[in-house]
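We're numbering straight along the sequence, starting at 1.
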Amino acid sequence: MSIRMAASAPLIMRIMASSLSIAEKAGEVIRDIMSTGDLNVVDKGQKNFDPQTEADRKCQQIIIGSLSKQYKDLKIIGEEGAEDLSKIPQELIVDKIDSQFLEQYKCPESFKDISENDLVVWVDPLDGTGEYVAGFVENVTVLIGIAFRDTSIAGIIHQPFFKCATTNKMGRTIWGLKELGTSGYNKKSPPENKLILTTTRSHSNEIVNATIEAIKADEVLKVGGCGFKVLQLLEGKAHCYVFASPGCKKWDTCSPEAILEADGGILTDILGKHYNYGPNVEYPNRTGVLATAKGIDHESLLERIPIATKESLIKKK
Ligand SMILES: Nc1ncnc2c1ncn2[C@@H]1O[C@H](COP(=O)(O)O)[C@@H](OP(=O)(O)O)[C@H]1O
Ligand SMILES: [Mg+2]
Ligand SMILES: [Mg+2]
Ligand SMILES: [Mg+2]
């Protein structure tokens, strides 16, 4: 595809095609920094340990620097705070665009006339930092989510330490766009006649645990990262993701929500409401996360969440 043809594709498709290339580069950097053996960890927590590594900082610069250069009026919010664009080293800027994506997929009618001012991009440069530091590298993902007028519509999840069984290639990229579909993973339904719940590995507390107890799942998986847990739903490894805590932020859920919902699943808070991803919202997802795989009854899981849990998260608002 010529540069002119790529430039004529609808904005949302171009942002996705750019983000696919940018997320791959972030994944390379995440692997490279791990291989140096020095993650250069800073604790950014106020009460509890909340690690930030060299990879979180560098990947945020890659993603925000590259998208801002190509899309000057786009509002981009990243976990690691505001970026001074003039201080981002030139070698971190990716100006490649995934032309194969643009050739292969057509923009859904409803998103054809979007302008940069209608969008917010939510960036989690490294989701699962605790797991990156602890060595559970499979849990690590790069998340780029795109919201159109308050609603999450598109997402990219890049998993840098996924190893392809046939080619041995490291890293895979999953994407989803509502009304178009999803790609990049092994689409599978979770097993019938049992309930597998996935939840946090490192951020549990009394309410988180009491809520899991009340759901009465047959199996509970404890893994890191919002991106990785939603991947488990997409690949049939779990039926639901339950996190009754205000700890997740908009950059954690924006991309996974769009991909899961483009696949047929649902991601809401624990009251059943979708989060608002508009330009001026607060960052925390104060009323928790409940996500269900395609074909799983979201309503019946909402009913299993204790009233005490719901009241406690509403009170914390
Ligand atoms: N109590 C808490 N304090 C800080 N961050 C929290 C948190 N609970 C969840 N998160 C954030 O939500 C994401 C998913 O959490 P978990 O792995 O526990 O499910 C992680 O993103 P990051 O790794 O990008 O910071 C994590 O930091
Ligand atoms: Mg995160
Ligand atoms: Mg992060
Ligand atoms: Mg973090």
Side-chain angles (χ1 to χ4, degrees), residues 45 48-51 124 126-141 143 157 159 188-191 194-257 259-261 263 265-275 284-314 316:
N48 302 312
F49 179 56
D50 186 9
D124 188 343
L126 197 163
D127 183 46
T129 303
E131 284 65 31
Y132 184 59
V133 173
F136 300 107
V137 292
E138 196 204 355
N139 295 183
V140 168
T141 59
L143 304 176
I157 299 179
Q159 192 184 19
K188 210 170 158 215
S189 302
K194 90 195 264 201
L195 181 67
I196 307 171
L197 181 156
T198 186
T199 192
T200 183
R201 185 193 71 89
S202 59
H203 295 103
S204 59
N205 60 35
E206 248 175 62
I207 300 168
V208 166
N209 290 333
T211 310
I212 294 167
E213 260 317 286
I215 303 252
K216 304 232 171 297
D218 300 294
E219 259 180 69
V220 175
L221 310 175
K222 296 193 171 179
V223 299
C226 188
F228 186 72
K229 284 188 265 294
V230 168
L231 258 177
Q232 291 184 309
L233 300 182
L234 293 165
E235 296 197 311
K237 294 183 176 144
H239 300 73
C240 61
Y241 163 18
V242 183
F243 188 49
S245 152
C248 276
K249 319 290 185 308
K250 298 291 178 301
W251 45 75
D252 290 304
T253 50
C254 184
S255 156
E257 176 179 326
I259 301 174
L260 183 66
E261 299 210 346
D263 183 81
I266 300 178
L267 188 149
T268 65
D269 68 1
I270 53 131
L271 308 169
K273 266 186 32 222
H274 281 97
Y275 280 109
N285 290 338
R286 288 191 197 273
T287 36
V289 177
L290 174 71
T292 44
K294 178 181 182 174
I296 305 306
D297 186 354
H298 197 78
E299 280 301 315
S300 81
L301 278 156
L302 277 172
E303 282 164 18
R304 292 196 204 183
I305 294 183
I307 293 178
T309 296
K310 294 178 178 166
E311 281 174 349
S312 141
L313 290 194
I314 292 167
K316 281 196 179 142

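Here the closest non-hydrogen pair linking Pro191 and Gly236 is CD-O, 3.6 Å. The minimum heavy-atom distance between Gly288 and Leu313, with the atom names listed, is N-CD1, 3.8 Å. Among all heavy-atom pairs drawn from Leu233 and Cys240, the shortest one is CD2-N, 3.5 Å. Taking each heavy atom of Val208 and Ser245 in turn, the nearest pair found is CG2-CB, 3.7 Å. In plain terms, the two heavy atoms of Val230 and Tyr241 that are nearest each other are CG2-CD2, 4.0 Å. Summarising the geometry of Thr309 relative to Ala244, their closest heavy-atom pair is CG2-CB, 3.5 Å, with the distance given to 0.1 Å.
Side-chain atoms of Thr199 come within 3.5 Å of backbone N or O of Val242 as a donor-acceptor pair. Asp269 places a side-chain N or O within donor-acceptor distance of the main-chain N or O of Leu271, the cut-off being under 3.5 Å. Using modelled atom types, one side-chain atom of Asp127 and one backbone atom of Gly227 make a donor-acceptor pair closer than 3.5 Å. At least one donor-acceptor pair under 3.5 Å links the side chain of Tyr275 to the backbone N or O of Asn285. Using modelled atom types, one side-chain atom of Lys229 and one backbone atom of Val223 make a donor-acceptor pair closer than 3.5 Å.
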Inset, instruction - Begin from the C-alpha positions of Asp218 and Ile196 and carry the test side-chain contact (heavy atoms from CB on, under 4.5 Å) through to its verdict. - result: CA-CA 6 Å; Asp218 300 294; Ile196 307 171; 5.9 Å; no

Inset, instruction - Under the side-chain contact (heavy atoms from CB on, under 4.5 Å) rule, what do Ile259 and Asp263 come out as? Steps first, then yes or no, please. - result: CA-CA 6 Å; Ile259 301 174; Asp263 183 81; 5.6 Å; no

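Atom OG of Ser189 and atom CG of Leu234 lie 11.0 Å apart (nearest 0.5 Å). Note that CD1 of Ile215 is 11.5 Å distant from CD of Glu303, once rounded to the nearest 0.5 Å. Atoms CG and OG1, from Leu267 and Thr253 in turn, are 6.0 Å apart once rounded to the nearest 0.5 Å. We find the NZ-OG distance between Lys250 and Ser255 to be 15.0 Å, quoted to the nearest 0.5 Å. In this structure, NZ in Lys194 is found 8.0 Å from NE2 in His239, a value given to the nearest 0.5 Å. Note that CD1 of Ile270 is 15.5 Å distant from CZ of Arg304, once rounded to the nearest 0.5 Å.
The only option from Lys273, Glu261, Glu257, His298 that meets the side chain to side chain donor-acceptor pair (under 3.5 Å) definition with Thr268 turns out to be His298.
Listed by chain and residue number, nothing satisfies the side-chain contact (heavy atoms from CB on, under 4.5 Å) test with Glu213 (two or more places apart in sequence, or in another chain). Partners of Lys310 under the salt bridge (charged side-chain N to carboxylate O under 4.0 Å, His left out) rule, at least two apart in sequence or in another chain, do not exist in this structure.
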